[in-house]
2 protein chains.
Amino acid sequence: MADDKRELSERKKQILKAIVDAHIEGGGPVGSKAILAAGGMNCSSATIRNEMAELEEMGYLEQPHASAGRVPSELGYRFYVDALIERYAMTTHEIAQINNLLRAKMGELDQILTAASHLASNLTNYTGIAIRPRAGSASISKFEGIYLEPDHFILVAVAASGAVQTKHIHTEFGIRPEAVARLTESLNAMLAGLPAEKITLPIIMELETRMGPDSGMVGLVMKVVYDLLSELDAGAMQVSGVDHLLQYPEYSDTAQFRELLGTLEKKDDILDLVSISDGEGDINVLIGSESRVKVMNNSALVFKPIVKDGKTLGAIGVLGPRRMDYAKVLATLEGLSGNIENLIQPNKQLHEGGTPDGTSGG
Amino acid sequence: MADDKRELSERKKQILKAIVDAHIEGGGPVGSKAILAAGGMNCSSATIRNEMAELEEMGYLEQPHASAGRVPSELGYRFYVDALIERYAMTTHEIAQINNLLRAKMGELDQILTAASHLASNLTNYTGIAIRPRAGSASISKFEGIYLEPDHFILVAVAASGAVQTKHIHTEFGIRPEAVARLTESLNAMLAGLPAEKITLPIIMELETRMGPDSGMVGLVMKVVYDLLSELDAGAMQVSGVDHLLQYPEYSDTAQFRELLGTLEKKDDILDLVSISDGEGDINVLIGSESRVKVMNNSALVFKPIVKDGKTLGAIGVLGPRRMDYAKVLATLEGLSGNIENLIQPNKQLHEGGTPDGTSGG
DNA sequence: GGTTAGCACTCGAAGCAATAGAGTGCTAAA
DNA sequence: TTTAGCACTCTATTGCTTCGAGTGCTAACC
């Protein structure tokens, strides 16, 4: 698509990189003298000006107004991220933070992702996002009813992905513990592994037959099962650290920031974005209008799916200004996702360190 | 405390109410002529000026600067909320919205509260808050283990409050389904109803004895139980609709708004505030510095605990500018909490309407 | 004594011109 | 091809003026 563009000379790359770096650092437009001052150049500011004019013509830079410096365009960022970025080396402190905080959170994937999103936000100073993507058609691999009172029990559903959800069920008539046990057994026998659209009337009828005298509760239970499946299908998203964004001048326009907040609360757009991502566990970088979400024109979204056994279980990401510190963000997400995948596949290699922090729980 | 203040004359009350109303409406300082224009006064602006000067002296009003109108002080708002407020009548549309949206959300209290917080935010145009307060010392009333794979099962814990939490447990050695069943039984027998500090070493030893050959898993399980109890103790809070706040000029100062966002994300301060509230199910109105949370000096927090059988299970609230529309907020929270309490005590009076909206879940 | 009209005064908001400064593009020389 | 120099452009800032809303005070009024 953008292939007939002539190659960038080594010096152009150097200048483009210097501009992006300086812009990420400072936020404002970058002038020719500033680049010279940053060092690494052995030519004059006039030469840099000429190169910048060409880079602008080629579409990598933009000029906010005639007498300002240059700002990287979307294409400029894209080139930077794809070709110019320097690997950021995490400090041992940052690595330790990831290790400690995530290690403490064994168990629920949702909780791990939430913790990871907080970490991502704090380590990068942007907004962290944790996502459980929409499932195409989720199914429940295991049911369990828990009897509480004669008119009250809980239905626990474990999804294939490992997500667990529970629902209270109140009945208007009494039920015995044995009925709940039979329900558990029947649901597992009849409905385990079935997505909503494969649960047909004959199956429900069979379920009623199995429940015998307690068939009255089947209707209620089916509604709950439907709700559970819907919620699993729907995906979920968790945002942390929006307040960080306000430190960047690009979000000082409250009207626009408000729209962004609204988008984050609606969740749909971003869930779509991530759910449609290209399957593999690679990091995705969406810059500005690449993301199709209108409101994010000045922002960038970087996210990494969490994959286990070839299935995408979730994603963690970072949302920030278009001029975000991509090197650091990429490194952070890589680090986090590595740890998360270790955590959810504990058999693989858990004992590599033996961290001796005795959290004696009792 | 503020009792030696001489009583406010009828006219002073009228003027104070007019000022607060106008300030809530418009946001800016209110002048004597504006009050006259609003109607209801049969005196001149000069008289109103005199009264306003006295009200200011008495502490009910403040003047941003010498030549501006008056603004209600914290004391002024307090008096307004306590004595002057007019009951807001919800529209049938608003009532219908509450009914429909909450009816659909049977089940988990957390989910109901989340839905309620969204509703509160949307109906009032401020920020909605849903809270599960810190429990003094939570206990688990029912355990249930769910066997999944030879090295993997789930522990479900039902708290006395009805909250349900789950944890995945991975073991490094195989366990049989029967071991999980025995674990369920033993946990219920030994630990049900005990807060963390009553779980002593002898109890844990007895647990190990009961588990016999599978006693190896007890250590792991105890850590999980401790985590579960900690999470129940910790409380939870859910915020929705922060973006609404940005429409009010008092939050256009991004630095301050950012601090407020930070407070909302930390959750501790607000959880404290609500958890310490005075036990009863009454609506609490905290205006400005009354709330002790420094950052909220320009804001007000209104919340209502959700009480069942004399126990506070949660709370819903609204956070907004100090000049929020208290009448509407109070009415909305009353309406919501009424519906919620109906939902979580379904035996009481569920069938009063028989809403015929056939959500055929199949 | 409370109420009202009138008036001088205050102070912030808005508009406007002048200034400073950063950065460019162009031209001519090296 | 690079560089130095210079004119030009555009924004941000500053100081100044004007405008108007609103007050407090005084004197007259009922």
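Source: prediction; values computed, not measured. We name chains A, B, ... by the order of the sequence lines, and we start the count at 1 in each one.
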Task: Which residue lies more 5' along DNA chain C, comparing A:R70 with B:A46 via nearest heavy atoms - done: B:A46

Open item on the list: Heavy-atom nearest nucleotide on DNA chain C for B:S67 versus B:N50: which residue maps closer to 5'?
Closed with: B:N50

Task: Base of D:dG5 paired with side chain of A:R49 (donor-acceptor, under 3.5 Å) - done: yes

Open item on the list: With hydrogens left out and only the distance checked, is there a donor-acceptor pair under 3.5 Å joining B:S44's side chain and the base of C:dT4?
Closed with: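 Not at all, since no donor on one side and acceptor on the other fall under 3.5 Å apart.
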
Using whole Å, report how far [atom1] of [X] lies from [atom2] of [N].
| X | N | atom1 | atom2 | answer |
| --- | --- | --- | --- | --- |
| B:L61 | D:dG22 | CG | C1' | 14 Å |
| A:M41 | D:dT3 | CE | C1' | 16 Å |
| A:I15 | D:dT2 | CD1 | P | 10 Å |
| B:E56 | D:dG22 | CD | P | 15 Å |
| B:E54 | D:dC25 | CD | C1' | 15 Å |
| B:E62 | D:dT23 | CD | P | 15 Å |
| A:I48 | D:dA4 | CD1 | P | 12 Å |
| B:K33 | D:dA21 | NZ | P | 8 Å |

Open item on the list: Between A:S252 and B:T254, do the side chains contain a donor N or O and an acceptor N or O under 3.5 Å apart?
Closed with: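 Judged by distance alone, the side chains do not pair up.
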
Task: Short N-O contact, B:K17 and B:E86, less than 4.0 angstrom - done: yes

Open item on the list: Check this for me: does any side-chain nitrogen of one of B:E62 and B:R70 sit under 4.0 Å from a carboxylate oxygen of the other?
Closed with: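 Salt bridge absent between B:E62 and B:R70.
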
Which nucleotide, [options], lies nearest any side-chain atom of [X]?
| X | options | answer |
| --- | --- | --- |
| A:H65 | C:dT4, D:dT23, D:dT11 | D:dT11 |
| B:A53 | C:dT24, D:dT3, D:dG24 | D:dG24 |
| B:M52 | D:dT23, C:dG25, C:dT4 | D:dT23 |

Open item on the list: Could you go through A:E94 and A:T332, starting from their C-alpha distance and side-chain angles, then the distance that decides it, and tell me whether this counts as side chain to side chain donor-acceptor pair (under 3.5 Å)?
Closed with: CA-CA 9 Å; A:E94 287 167 336; A:T332 306; 6.0 Å; no

- [ ] Give a yes/no on whether any side-chain N or O of B:S32 is located under 4.0 angstrom from OP1 or OP2 of D:dG22.
- [x] no

Task: Sidechain-backbone polar pair: A:H23 side chain, A:G28 backbone, donor-acceptor under 3.5 Å - done: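 Indeed, once roles are kept as given, a pair shorter than 3.5 Å links the two residues.
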
Open item on the list: What's B:S45 touching, base or sugar-phosphate or nothing? Going by heavy atoms closer than 4.0 Å.
Closed with: nothing

